[in-house]
Amino acid sequence: MHKVAYLLLLLISVSACKSPEARRPEQQISGSFIKESAERNKELYKKEEAAITKLIAQNPETSFQSSSNGFWYFYNKKDSLQKTTPVRGDLVLFTYDVKDLDGNIIVSEAENGLQEYQVDQSNQELISGIRDGIKLMKAGETVTFLFPSQKAFGYYGDTNKIGTNVPLICNVTLNTITQKETN
């Protein structure tokens, strides 16, 4: 009788020792939202790129350049004698205005005032296009940038004057570059 009890106890303990199964979620997300969002953003970029390309085509006398950072620009005032462009840590003083693609001023240079920015080290709320564009400039130059919305204020806008997904034109004048001190 003891052998049967031990055998029964052994069978119960072996059957009770199976590994726990993972619980399945009640609702599974397929990832379609992210895919749809990516597709919407691609379509938006194509539309904005077409509008900017049309604007460039309407100004054949202007020599636009394409940036590897996803925007277009041309020099209003170019200084071929200066050799230095700002690098990480340099302090720059500049002014800029913001226009829509029709050339209507949204934020004037006077409203923005003189801006001070430490290249790639500042938490200043500059649009990424201007942060990237300043690195292409030399002191004394004025450049007009054409930014698609993702290089401007993007989906959120500026919550004041600029709406969501608005491509912009910015005229930037780089006044001075103060190089960082190296020890």
Side-chain angles (χ1 to χ4, degrees), residues 34-88 90 92-120 122 124-177:
I34 293 171
K35 290 177 186 174
E36 290 170 6
S37 178
E39 288 302 316
R40 279 192 306 271
N41 288 337
K42 287 178 187 177
E43 290 299 317
L44 176 66
Y45 181 76
K46 286 179 186 177
K47 189 186 332 180
E48 290 176 0
E49 184 179 34
I52 291 172
T53 304
K54 181 180 175 185
L55 180 68
I56 291 171
Q58 291 172 349
N59 296 289
E61 71 283 350
T62 305
S63 178
F64 284 92
Q65 297 178 38
S66 177
S67 164
S68 61
N69 292 317
F71 57 85
W72 295 262
Y73 64 99
F74 70 89
Y75 288 90
N76 299 16
K77 181 180 171 189
K78 187 172 175 109
D79 188 347
S80 58
L81 300 177
Q82 290 283 336
K83 296 198 188 303
T84 58
T85 57
V87 295
R88 180 180 174 89
D90 288 351
V92 295
L93 293 175
F94 68 98
T95 57
Y96 73 103
D97 64 13
V98 179
K99 301 176 187 173
D100 62 19
L101 289 186
D102 294 326
N104 302 315
I105 293 179
I106 299 172
V107 182
S108 71
E109 190 175 296
E111 288 176 274
N112 281 326
L114 185 64
Q115 299 287 312
E116 184 178 276
Y117 170 63
Q118 190 167 12
V119 178
D120 289 343
S122 174
Q124 187 172 349
E125 292 185 17
L126 283 176
I127 61 176
S128 65
I130 289 180
R131 288 193 305 255
D132 293 336
I134 283 177
K135 294 181 219 172
L136 302 172
M137 300 175 69
K138 298 172 188 167
E141 292 183 332
T142 301
V143 178
T144 297
F145 295 100
L146 305 175
F147 298 125
S149 64
Q150 80 269 11
K151 293 306 264 180
F153 288 94
Y155 176 75
Y156 295 104
D158 77 342
T159 66
N160 189 14
K161 293 182 176 183
I162 301 168
T164 63
N165 298 323
V166 177
L168 299 173
I169 300 172
C170 293
N171 294 312
V172 179
T173 300
L174 183 57
N175 297 331
T176 62
I177 302 171

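Only heavy atoms go into these numbers, but all of them, side chains included; no hydrogens, no water, no symmetry mates.
Between the side chain of Asn112 and the main chain of Glu109, no donor-acceptor pair closer than 3.5 Å is present.
For Thr164, there are no side chain to side chain contact (heavy atoms under 4.5 Å, CB included) partners two or more places apart in sequence or in a different chain. For Val166, the side chain to side chain contact (heavy atoms under 4.5 Å, CB included) partners two or more places apart in sequence, or in a different chain, are Ile162, Leu168. Applying the side chain to side chain donor-acceptor pair (under 3.5 Å) test to Lys46 and every residue at least two apart in sequence or in another chain returns nothing. A search for side chain to side chain donor-acceptor pair (under 3.5 Å) contacts involving Asp132 returns Lys151, not counting sequence neighbours. The salt bridge (charged side-chain N to carboxylate O under 4.0 Å, His left out) check on Glu125 picks up nothing, with sequence neighbours excluded. Contacts of Asn104 classified as side chain to side chain donor-acceptor pair (under 3.5 Å), with partners at least two apart in sequence or in another chain: Asp100. In this structure, Thr53 has no side chain to side chain donor-acceptor pair (under 3.5 Å) partners at least two apart in sequence or on a different chain. Checked against side chain to side chain contact (heavy atoms under 4.5 Å, CB included), Lys47 has no partners two or more places apart in sequence or in another chain.
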Contacts under 3.5 angstrom, residues 54-72 side chains, donor-acceptor by atom type, not counting sequence neighbours:
{"from": "Asn59", "atom 1": "ND2", "to": "Leu55", "atom 2": "O", "distance (Å)": "2.8"}
{"from": "Gln65", "atom 1": "OE1", "to": "Tyr73", "atom 2": "OH", "distance (Å)": "3.1"}
{"from": "Ser67", "atom 1": "OG", "to": "Asn69", "atom 2": "N", "distance (Å)": "2.9"}

Quick one: side chains of residues 141-149, donor-acceptor pairs under 3.5 Å with protein atoms, not counting sequence neighbours, listed by atom name and distance.
{"from": "Glu141", "atom 1": "OE1", "to": "Lys138", "atom 2": "N", "distance (Å)": "2.8"}
{"from": "Glu141", "atom 1": "OE2", "to": "Asp79", "atom 2": "N", "distance (Å)": "3.0"}
{"from": "Thr142", "atom 1": "OG1", "to": "Thr173", "atom 2": "OG1", "distance (Å)": "3.0"}
{"from": "Thr144", "atom 1": "OG1", "to": "Asn76", "atom 2": "OD1", "distance (Å)": "3.0"}
{"from": "Thr144", "atom 1": "OG1", "to": "Asn76", "atom 2": "ND2", "distance (Å)": "3.1"}
{"from": "Thr144", "atom 1": "OG1", "to": "Asn171", "atom 2": "OD1", "distance (Å)": "2.4"}
{"from": "Ser149", "atom 1": "OG", "to": "Glu48", "atom 2": "OE1", "distance (Å)": "3.0"}
{"from": "Ser149", "atom 1": "OG", "to": "Glu48", "atom 2": "OE2", "distance (Å)": "2.7"}

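Rounded to the nearest 0.5 angstrom, Ile106 CD1 and Asn160 CG are separated by 11.0 Å.
Applying the ring-ring contact (aromatic ring centres under 6.0 Å, His included) test to every pair with at least one member in residues 41-62, sequence neighbours left out, gives no pairs at all. Residues in residues 154-169 take part in these salt bridge (Lys or Arg N to Asp or Glu O under 4.0 Å) pairs, two or more places apart or across chains: Glu111-Lys161.
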